[in-house]
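Everything on this sheet refers to the single structure shown next.
Since we're looking at a predicted model, the values are computed, not measured.
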Amino acid sequence: MLSLSFVSGCTVWLLKTFAMQEGDFGTESRFLQYPSLQFHGLAAFLMLMNLGAIFTSQFLKNWLYQRGKVTGATLNAASYPHFIYSFLIIG
């Protein structure tokens, strides 16, 4: 799910950055930009729902019992680049 969200985000960025076309009123987006942005939003939403389910059901319980600290920290750290990238792609 993370890779699907990353690939769709890259697609949105590429369409926004390199696939703009000249129109009657200046630069306009291609016809695939809006549906790819919708798909990216859906993929990001599903990814965050999955991460929330993992964190609420496993993360805290295992953290209290001193099990899986490395796995939990790795999952937590793996989500931060995606959040930073999503803020960068919006601007």
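Evaluation of the ring pair (Phe, Tyr, Trp, His ring centres under 6.0 Å) test over residues 22-41, restricted to residues two or more places apart or in two chains, returns none.
For the side-chain contact (heavy atoms from CB on, under 4.5 Å) test, residues two or more places apart in sequence or in another chain that qualify with Ala19 are Leu15, Arg30. Residues meeting the ring pair (Phe, Tyr, Trp, His ring centres under 6.0 Å) test with Phe18, sequence neighbours left out: Trp13. Not counting sequence neighbours, the partners of Leu37 by the side-chain contact (heavy atoms from CB on, under 4.5 Å) test are Val12.
Between the OG atom of Ser8 and the CG atom of Leu42 there is a distance of 9.0 Å, given to the nearest 0.5 Å.
Side-chain heavy-atom separations under 4.5 angstrom define the hydrophobic clusters, and Val7 shares its cluster with no other residue.
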